[in-house]
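Letters A, B, ... mirror the listed sequences (proteins, then strands); counts begin at 1.
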2 protein chains.
Amino acid sequence: MSTTIDEATATASNTPCCSLTAGPIGAAQAERLAEMLKALADPTRLRLLSHITAQGCQEVCDCDLTEELGITQPTVSHHMKKLVDAGLITREQRGRWAHYSVVPEAFDQLRNFLDLS
Amino acid sequence: MSTTIDEATATASNTPCCSLTAGPIGAAQAERLAEMLKALADPTRLRLLSHITAQGCQEVCDCDLTEELGITQPTVSHHMKKLVDAGLITREQRGRWAHYSVVPEAFDQLRNFLDLS
DNA sequence: ATCTTACATTGACGGTCATCAATGTGTCAG
DNA sequence: CTGACACATTGATGACCGTCAATGTAAGAT
């Protein structure tokens, strides 16, 4: 469970070039990319993500997100876990609060893949 | 049903800038982006897409994709429809064969959104 | 020690999805 | 006209997902 982040970042840096124009991709790579995209492919998670990136990865506690999106706290917790497991954001527990920050490498990898050049 | 492509391309060009760093996004925009991402968030569809882009949008018939991915023809047809409905690719029927090509604007929009700068 | 706060976990429910076999539809060849 | 081909559609099945209420857990405050 705790190795998902490491795996994601590791595979992200291991991938040399994975553009859509570089020929057909294999089943394994498709599976990995689909996992990241699946984590993104939800309106609520996109909004949660945008709230994190908008605040410059500063103090972001789940209670604020709960109020602003109109969803319950377990739902926020569930979505955050999905984003973390996909390697898109990281979670750092400081005292009682959880601080989230994005993983730029993951987004680089996705943008790289979606690049038709 | 047939207006999905027009809608997708229209909204794609209507969006001025939708980067993740440009502050929290609204529910409507999140919904639209999630639809495109959901179409991408499947291993089989990613592989199908890579086969189209790899051949430079040339002669691509579903039967070839069926053999190479090891899935049945209805499944290929189903996935292709999803990609077309999401506005990621277009379909042109020439005679008996269907020719597919990517919609660069859709990918530009996604890359733009995933850009942390 | 007790209470509050911040978040995780569990269990359940309704909805959506990927896949296939079977069948339908339209197109070209002989 | 008939048969073969390329693809769409339908219906069914098993799996997964988003959401919530209820409950658990761990840390700080009093």
Side-chain angles (χ1 to χ4, degrees), chain A residues 1-2 4-5 27 30-31 33-49 51-52 55 58-86 88-101, chain B residues 1-2 4-5 27 30-31 33-49 51-52 55 58-86 88-101:
Chain A
M1 294 274 185
S2 60
T4 44
I5 304 172
E31 206 87 36
L33 284 164
E35 261 185 62
M36 304 180 70
L37 290 167
K38 219 176 293 183
L40 276 163
D42 180 82
T44 306
R45 280 195 290 271
L46 287 177
R47 297 186 68 189
L48 289 171
L49 234 181
H51 272 83
I52 295 176
Q55 304 216 0
Q58 276 185 24
E59 321 271 328
V60 184
C61 80
D62 296 22
C63 51
D64 293 343
L65 303 169
T66 299
E67 291 179 5
E68 240 172 308
L69 295 194
I71 54 182
T72 61
Q73 174 266 322
T75 304
V76 173
S77 186
H78 169 245
H79 285 311
M80 290 311 224
K81 180 173 167 52
K82 286 227 162 187
L83 288 172
V84 170
D85 284 351
L88 298 173
I89 65 175
T90 55
R91 205 187 95 99
E92 184 195 359
Q93 186 95 24
R94 281 208 290 265
R96 290 190 278 192
W97 289 272
H99 297 248
Y100 299 96
S101 43
Chain B
M1 296 274 183
S2 61
T4 44
I5 303 171
E31 207 88 35
L33 284 164
E35 264 187 59
M36 304 181 70
L37 290 166
K38 220 178 293 185
L40 276 163
D42 180 85
T44 306
R45 280 196 289 272
L46 286 177
R47 297 185 68 187
L48 289 171
L49 234 180
H51 272 85
I52 295 176
Q55 303 217 359
Q58 277 187 23
E59 322 272 329
V60 183
C61 81
D62 295 21
C63 50
D64 293 342
L65 302 170
T66 299
E67 292 179 4
E68 240 173 306
L69 295 195
I71 54 181
T72 61
Q73 174 267 320
T75 303
V76 172
S77 187
H78 168 246
H79 285 310
M80 290 312 223
K81 181 173 168 50
K82 287 228 160 187
L83 287 172
V84 170
D85 286 349
L88 297 173
I89 64 174
T90 54
R91 206 188 93 102
E92 184 195 0
Q93 186 95 24
R94 280 207 290 264
R96 289 188 279 193
W97 288 270
H99 298 249
Y100 299 96
S101 42

List, one per line, each side-chain donor-acceptor pair under 3.5 Å for residues 70-77 of chain A, sequence neighbours excluded.
{"residue": "A:Thr72", "atom": "OG1", "partner": "A:Thr75", "partner atom": "OG1", "Å": "3.0"}

Which residues pass the side-chain hydrogen bond (donor to acceptor under 3.5 Å, both in side chains) test with B:Glu67, not counting sequence neighbours? none
Can you give me every donor-acceptor pair (side chain of residues 38-45 of chain A, partner residue at least two apart or in another chain, under 3.5 Å) with its distance?
{"residue": "A:Asp42", "atom": "OD2", "partner": "A:Thr44", "partner atom": "N", "Å": "3.1"}
{"residue": "A:Asp42", "atom": "OD2", "partner": "A:Arg45", "partner atom": "N", "Å": "3.1"}
{"residue": "A:Arg45", "atom": "NE", "partner": "A:Ala39", "partner atom": "O", "Å": "2.6"}
{"residue": "A:Arg45", "atom": "NH1", "partner": "A:His79", "partner atom": "ND1", "Å": "3.0"}
{"residue": "A:Arg45", "atom": "NH2", "partner": "A:Lys38", "partner atom": "O", "Å": "3.3"}

Rounding to 0.5 Å, atoms CD (B:Glu35) and CG (B:Leu88) come to a distance of 10.5 Å
Summary of protein contacts for nucleotides 19-30 of chain C, nucleotide by nucleotide, where a base hit scores B, a sugar-phosphate-only hit scores S (4.0 Å, heavy atoms): BBBB----BB--
side-chain N/O A:Lys82 vs D:dG18 OP1/OP2, d < 4.0 Å: yes
How many Å lie between CG on A:Leu37 and C1' on D:dC17, as a whole number? 17 Å
Roughly, in whole Å, what's the span from NZ in B:Lys81 to C1' in C:dC17? 15 Å
Interatomic distance where CD belongs to B:Glu67 and P belongs to D:dC5 [whole Å]: 13 Å
Using the side chain to side chain contact (heavy atoms under 4.5 Å, CB included) criterion, which residues pair with A:Gln93? Sequence neighbours excluded. A:Arg91, A:Ala98
Report the distance from atom CG of A:Leu83 to atom CE of A:Met36, rounding to the nearest 0.5 Å. 11.0 Å
Give the rounded distance in Å between these two atoms: CG of A:Leu40 and P of D:dC17. 15 Å
How long is the line joining CG of B:Leu69 and P of C:dA18, in whole Å? 15 Å
State the CG-CZ distance between A:Leu49 and A:Arg47, to the nearest 0.5 angstrom. 12.5 Å
Straight-line distance of B:Asp62 CG to B:Tyr100 OH, nearest 0.5 Å: 4.0 Å
What integer distance in Å separates B:Lys38:NZ from C:dC17:C1'? 10 Å
Measure from the side-chain heavy atoms of B:Asp62 and tell me the nearest of D:dC7, C:dC7, C:dC17. D:dC7
Identify the pairs formed between an N or O of the protein and an N or O of nucleotides 13-15 of chain D at a distance under 3.5 Å, and give each distance.
none

B:Glu92 atom CD is separated from D:dC7 atom P, nearest whole Å, by 13 Å
Answer yes or no: does a side-chain N or O of B:Arg45 lie under 4.0 Å from OP1 or OP2 of C:dA18? yes
Integer-rounded Å distance: C:dA18 C1' and B:Asp85 CG: 16 Å
Distance, nearest 0.5 Å, that separates CG of A:Leu65 from CG of A:Leu48: 5.5 Å
